[in-house]
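All remarks here apply to the structure that follows.
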Amino acid sequence: MSILITGGAGYIGSHTCIELLDSGYDVIVVDNFLNSKRESLNRVQQITDKKLTLYELDLLNREDLENVFVENTFDAVIHFAGLKSVGESIQIPLRYYHNNITGTLILCELMQKYNVRNIVFSSSATVYGMTNMSPLTEDLPLSANNPYGSTKLMIEQILKDVFMADNSWSIALLRYFNPIGAHISGRIGEDPNGIPNNLMPYITQVAIGKRDKLSIFGSDYDTHDGTGVRDYIHVVDLAKGHLKALESVMNTTGVEAYNLGTGVGYSVLDVVDNFEKATGKKIPYILIDRRPGDVDACYADPTKAKKELGWVAEMSLEDMCRDSWRWQLNNPNGYEEK
Ligand code: NAD
Ligand code: WQD
């Protein structure tokens with residue numbers, strides 16, 4: 001089985017490449033390294049002792065992407081490629097819409113042309129909008145609060161329409177909750193540029209001494225300790241979910257959304273506490289104002305993925321903290337050797 005992975009050099013993509021290679025799939029990655037490094041894929045190949053095929057290209061370049069379809073035959077596509085920063089999407093919305101939506105349109109047009117009808121798409125819990133209705137089920141109304149979220153919502157709609165027009169397509173919309181952690185080898189992980197926006201990379205940078213202290217955004221939420229609650233999921237569990245979704249799209253037709261989360265919410269203070277216990281590192285913090293756009297609590301009801309895909313997240317928050325820290329400790333500058 002041969003799988004096209006867009007954005008395969010990125011955080012979730014690289015972990016999924018490992019699971020795919022380990023399971024015997026042929027992996028063809030397209031990535032323009034807009035938000036990743038080639039080194040992640042070198043390491044994927046070292047860890048698995050298997051080769052993958054890499055095309056360095058921009059999805060927006062139709063000719064380059066078409067060449068990949070001409071040179072290969074695919075059983076399915078996993079579509080990770082996209083820009084993902086909420087804050088940046090508010091500053092440069094056109095770039096986000098163009099990259100994420102046009103990139104997906106070009107990809108789907110080529111899939112249609114070359115008779116590839118199976119796709120697993122990286123959606124996000126952000127499509128549930130600013131609701132405090134957790135646990136979230138897939139049938140809840142959807143909305144977007146920022147351009148990034150709008151791109152995910154629009155792409156979900158585009159893929160639903162593609163299926164409506166041609167029932168031979170098979171589409172899984174995977175709504176990720178909060179992926180953290182890293183591969184157990186400590187050789188691949190999340191490598192954010194500049195000051196991290198997300199909680200776990202910020203915590204690991206405090207632990208390694210790159211940042212003084214964590215600022216906790218809001219301590220007056222309606223949660224057990226006042227700090228925001230999220231559904232953190234180990235990136236390797238998430239990667240395994242893609243294999244289950246892949247098996248499903250290759251065996252059925254339809255369009256289905258699945259929550260990929262643990263179903264358990266932890267607060268920011270829970271994460272700090274677990275990190276300290278798992279690593280022995282102290283995380284100094286201050287409590288500051290809420291971050292605009294944040295909700296009290298956001299966690300999945302993962303029942304559908306369990307029932308229909310046979311997938312459940314297995315790793316604990318302590319596993320996630322330990323593995324995030326191992327990656328940070330072994331790679332203080334991420335993939336940059338300094
Ligand atoms: P990432 O930025 O690490 O990976 C995305 C990859 O896509 C990068 O390697 C980037 O270089 C590539 N890319 C972007 N635009 C491209 C283009 N036009 N052509 C070719 N390559 C391009 O992000 P990630 O955390 O691995 O996320 C993967 C997907 O999952 C994204 O679509 C993201 O929106 C979605 N998602 C991520 C999270 C999260 O918290 N990490 C949560 C929900 C959904
Ligand atoms: C988690 C919790 C913060 C940083 C984002 C996107 C979402 C999805 C996943 C892509 C919140 C708090 C954070 C810090 C803090 N991405 N926090 N101090 O906001 O749940 O989700 O990533 O689809 O769309 O919005 O994740 O890691 O930023 O925040 O107190 O320095 O940690 O307020 O409660 P979030 P996060």
Side-chain angles (χ1 to χ4, degrees), residues 1-31 35-37 39-50 52 54 75-82 84 118-125 172-192 198 200-201 231-250 257-263 300 302 305-306 308-317 319-324 326-327 331 335:
M1 294 282 177
S2 176
I3 314 295
L4 173 63
I5 315 287
T6 75
Y11 174 44
I12 306 168
S14 56
H15 287 82
T16 304
C17 285
I18 290 193
E19 298 303 319
L20 288 167
L21 290 168
D22 277 346
S23 301
Y25 287 96
D26 291 329
V27 171
I28 293 94
V29 169
V30 301
D31 204 301
N35 195 38
S36 55
K37 300 271 164 18
E39 177 61 11
S40 69
L41 293 174
N42 295 338
R43 296 188 186 183
V44 163
Q45 295 180 97
Q46 289 159 9
I47 291 164
T48 57
D49 200 19
K50 301 223 164 72
L52 53 75
L54 168 66
D75 295 289
V77 175
I78 307 182
H79 180 32
F80 292 106
K84 67 165 179 178
N118 301 325
I119 182 167
V120 175
F121 170 62
S122 298
S123 189
S124 165
L173 310 170
L174 301 185
R175 296 178 182 157
Y176 312 154
F177 280 70
N178 289 60
I180 59 172
H183 190 259
I184 186 125
S185 63
R187 301 206 64 222
I188 62 165
E190 188 171 11
D191 184 18
N198 297 112
M200 184 53 80
D231 187 338
Y232 297 95
I233 173 168
H234 197 295
V235 66
V236 173
D237 274 334
L238 190 64
K240 289 180 175 163
H242 289 75
L243 270 71
K244 295 289 189 183
L246 200 56
E247 287 164 21
S248 168
V249 295
M250 291 198 293
Y258 296 101
N259 287 337
L260 295 188
T262 64
K306 182 178 181 186
E308 295 184 15
L309 302 178
W311 173 87
V312 279
E314 285 168 350
M315 283 192 258
S316 68
L317 181 57
D319 295 331
M320 303 179 212
C321 292
R322 184 202 58 221
D323 293 344
S324 293
R326 186 186 297 111
W327 153 252
N331 305 272
Y335 291 111

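All figures in this text were calculated on a predicted structure; none of them were measured in a lab.
When all heavy atoms are compared, the tightest approach of Asp319 to Arg322 is OD1-NH1, 3.1 Å. Of all heavy-atom pairs between Cys321 and Met200, the closest is SG-CE, 3.8 Å. Across all non-hydrogen atoms, the minimal contact from Lys50 to Asp22 is NZ-CA, 4.2 Å. The two residues Ser248 and Tyr258 have their closest heavy-atom pair at OG-OH, 4.5 Å. In terms of heavy-atom proximity, Asn118 sits nearest to Val249 at OD1-O, 3.2 Å.
Considering only residues two or more places apart in sequence or on other chains, Lys84 meets the salt bridge (charged side-chain N to carboxylate O under 4.0 Å, His left out) condition with Glu190. Residues satisfying the side chain to side chain contact (heavy atoms under 4.5 Å, CB included) test with Ala81, not counting sequence neighbours, are Thr6, Leu59, His79. Here Tyr176 pairs with His242 under the ring pair (Phe, Tyr, Trp, His ring centres under 6.0 Å) rule; sequence neighbours left out. Partners of Trp327 by ring pair (Phe, Tyr, Trp, His ring centres under 6.0 Å), not counting sequence neighbours, listed by chain and number: Tyr335.
How far CG of Leu243 is from CG of Leu309: 11.5 Å, rounded to the nearest 0.5 Å. Note that CG of Asp237 and CE of Met315 are 4.5 Å apart. Values are rounded to the nearest 0.5 Å.
Without hydrogens or angle criteria, Asn331 side chain to Gly186 main chain gives a donor-acceptor distance under 3.5 Å.
Screening residues 174-183 for salt bridge (Lys or Arg N to Asp or Glu O under 4.0 Å) gives Glu156-Arg175 as the qualifying pairs, with residues at least two apart or on separate chains.
Checked by atom type, the side-chain pair Ser2/Asp75 shows no donor-acceptor distance below 3.5 Å.
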If you look only at distance, which donor and acceptor atoms sit under 3.5 Å apart when one is on a side chain in residues 10-20 and the other is two or more places apart or in another chain?
{"residue": "Tyr11", "atom": "OH", "partner": "Ile180", "partner atom": "O", "Å": "3.2"}
{"residue": "Tyr11", "atom": "OH", "partner": "Gly181", "partner atom": "N", "Å": "3.4"}
{"residue": "Tyr11", "atom": "OH", "partner": "Gly181", "partner atom": "O", "Å": "2.7"}
{"residue": "Ser14", "atom": "OG", "partner": "Gly10", "partner atom": "O", "Å": "2.7"}
{"residue": "Ser14", "atom": "OG", "partner": "Tyr11", "partner atom": "O", "Å": "3.1"}
{"residue": "His15", "atom": "ND1", "partner": "Tyr11", "partner atom": "O", "Å": "2.7"}
{"residue": "His15", "atom": "NE2", "partner": "His183", "partner atom": "N", "Å": "2.9"}
{"residue": "Thr16", "atom": "OG1", "partner": "Ile12", "partner atom": "O", "Å": "2.9"}

